[in-house]
Amino acid sequence: MSNNEKKYTDAEATNNAEELASNNTESTPLEETPTTPEQQIAMLTEALDKEKKEYLFLMAEFDNFRKRTIKEKSEIIKNAKGQVLEEILPIVDDFERGLKAASDTENAQAIKEGMDLIYNKFISYLERNGIKAIESDGVEFNEDFHEAITTIPAPNESMKKKVIDTIQKGYMINDKVLRYAKVVVGQ
């Protein structure tokens with residue numbers, strides 16, 4: 001096919017497309033463009049009403065989403081508490097068996113060993129759930145982890161501004177303080 005023939009067919013295609021477009025406009029009515037200000041106002045009012053309806057629908061849909069999310073979140077928290085407490089029940093069972101055994105025996109060493117086993121089991125449970133004790137005895141006082149209950153004179157120069165005694169252990173959960181350690185600081 002020569003260039004002239006190609007140009008001719010392109011021109012024919014353009015003419016055919018224009019003819020088809022003119023036929024289509026007759027068969028499908030296009031939106032009429034308003035000619036008077038009253039028609040423009042009516043059209044704009046109608047468009048505004050439509051937008052208002054869509055806005056109200058979206059607001060209602062968002063409000064429903066928010067309520068559903070709050071409900072789902074509370075259910076997740078409720079179920080998580082149940083799972084955490086379920087894992088504590090075997091430890092409670094161990095305590096009950098230990099108390100019963102303590103009332104039946106006079107052997108203090110056996111009671112101590114039983115309590116140590118239960119304590120270690122509970123500490124292991126806490127660690128599995130991301131809870132760990134805050135180191136405090138002999139370390140530098142840090143207000144991010146420790147709460148100073150009182151200060152006392154340091155027994156030696158190296159113990160100044162360090163924790164001398166821990167009154168109550170502190171705990172962290174996933175690198176966030178759960179409870180501050182209550183300590184005595186050397187001055």
Side-chain angles (χ1 to χ4, degrees), residues 1 5-96 118-119 121-136 139-149 166-183:
M1 181 185 289
E5 290 176 325
K6 185 175 182 185
K7 287 179 187 176
Y8 182 74
T9 48
D10 288 341
E12 281 184 291
T14 303
N15 289 337
N16 289 339
E18 288 174 0
E19 189 176 313
L20 284 172
S22 67
N23 289 341
N24 282 344
T25 56
E26 293 170 9
S27 61
T28 57
L30 294 176
E31 284 189 34
E32 296 178 20
T33 56
T35 56
T36 67
E38 291 82 16
Q39 287 176 333
Q40 287 179 341
I41 290 172
M43 185 183 83
L44 291 173
T45 304
E46 185 180 312
L48 179 63
D49 288 342
K50 179 182 174 192
E51 292 297 323
K52 280 183 183 177
K53 286 178 186 176
E54 288 180 11
Y55 173 75
L56 290 174
F57 175 75
L58 286 174
M59 288 302 294
E61 190 174 318
F62 178 74
D63 191 44
N64 290 338
F65 168 77
R66 186 182 54 80
K67 289 176 184 176
R68 185 175 58 248
T69 303
I70 290 170
K71 184 179 177 184
E72 288 173 355
K73 193 182 289 185
S74 75
E75 287 293 319
I76 289 170
I77 291 170
K78 190 175 170 183
N79 290 336
K81 284 181 185 177
Q83 290 172 346
V84 167
L85 295 175
E86 184 180 354
E87 290 185 41
I88 291 178
L89 294 178
I91 297 169
V92 172
D93 294 339
D94 289 345
F95 269 120
E96 290 171 350
I118 295 170
Y119 175 78
K121 187 175 187 179
F122 192 68
I123 293 299
S124 172
Y125 163 77
L126 292 176
E127 288 174 353
R128 280 194 316 270
N129 285 287
I131 297 174
K132 63 180 180 177
I134 295 173
E135 292 294 322
S136 53
V139 299
E140 188 84 21
F141 175 76
N142 184 342
E143 63 273 352
D144 292 335
F145 304 113
H146 306 117
E147 179 181 338
I149 300 300
T166 302
I167 306 300
Q168 186 179 52
K169 269 188 176 182
Y171 291 93
M172 296 181 71
I173 182 167
N174 301 325
D175 298 326
K176 182 181 175 206
V177 175
L178 188 60
R179 181 175 79 185
Y180 292 93
K182 293 183 180 181
V183 297

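Throughout, numbering of the chain's residues begins at 1 and tracks the sequence. The structure displayed is predicted, hence computed values, not measured ones.
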- Item | Straight-line distance of Glu127 CD to Phe122 CZ, nearest 0.5 Å | 11.5 Å
- Around atom CD of Glu140, are there more than 12 heavy atoms of other residues, nucleotides or ligands at under 6.0 Å? yes
- Output the distance between atom CD1 (Ile131) and atom CD1 (Ile173), rounded to the nearest 0.5 Å. 4.5 Å
- Message: Using a 6.0 Å cut-off, check whether atom CD of Glu46 has over 12 heavy atoms from anything other than its own residue.
- Response: no
- Min side-chain heavy-atom separation Lys132-Asp175 under 4.5 Å: yes
- Note on the structure: Contacts satisfying salt bridge (Lys or Arg N to Asp or Glu O under 4.0 Å) that involve residues 58-71 (not counting sequence neighbours) are Asp63-Arg66, Asp63-Lys67
- Nearest-0.5 Å distance that lies between atom CD in Glu72 and atom OG1 in Thr69: 6.0 Å
- Among Ile91, Asp93, Ile123, whose side chain to side chain contact (heavy atoms under 4.5 Å, CB included) with Ile118 holds? Ile91
- Sequence neighbours excluded, which residues qualify as side-chain contact (heavy atoms from CB on, under 4.5 Å) partners of Glu135? none
- Output the distance between atom CD1 (Ile149) and atom OH (Tyr180), rounded to the nearest 0.5 Å. 13.5 Å
- Message: Do Thr35 and Gln39 pair up side chain to side chain, a donor and an acceptor below 3.5 Å, judged on atom types alone?
- Response: yes
- Measure the CE-CZ distance between Met172 and Arg179 for me, rounded to the nearest 0.5 Å. 14.0 Å
- Task: Could you tell me which residues satisfy side chain to side chain donor-acceptor pair (under 3.5 Å) with Lys121, sequence neighbours excluded, listed by chain and number?
- Result: Asp94
- Output for pair (Ile41 CD1, Met43 CE), nearest 0.5 Å, gives 11.0 Å
- Residue set satisfying ring-ring contact (aromatic ring centres under 6.0 Å, His included) with Phe141, at least two apart, ordered chain then number -> His146
- Message: As a quick check of understanding, evaluate side-chain contact (heavy atoms from CB on, under 4.5 Å) for Leu48 and Thr45, giving each step before the final call.
- Response: CA-CA 5 Å; Leu48 179 63; Thr45 304; 5.6 Å; no
- Show your reasoning for whether side-chain contact (heavy atoms from CB on, under 4.5 Å) applies to Glu87 and Arg128. CA-CA 11 Å; Glu87 290 185 41; Arg128 280 194 316 270; 4.0 Å; yes
- Query: With sequence neighbours excluded, what pairs up with Val84 under the side-chain contact (heavy atoms from CB on, under 4.5 Å) test?
  - Reply: Tyr125
- Task: Any pair with a residue in residues 48-60 that passes side chain to side chain donor-acceptor pair (under 3.5 Å), sequence neighbours left out, goes on the list, sorted by first then second residue, please.
- Result: none
- Message: Are the side chains of Asn79 and Ile76 in contact, using a 4.5 Å heavy-atom criterion?
- Response: no
- Minimal non-hydrogen separation, Ser136 against Ala181, with atom names: CB-CB, 4.4 Å
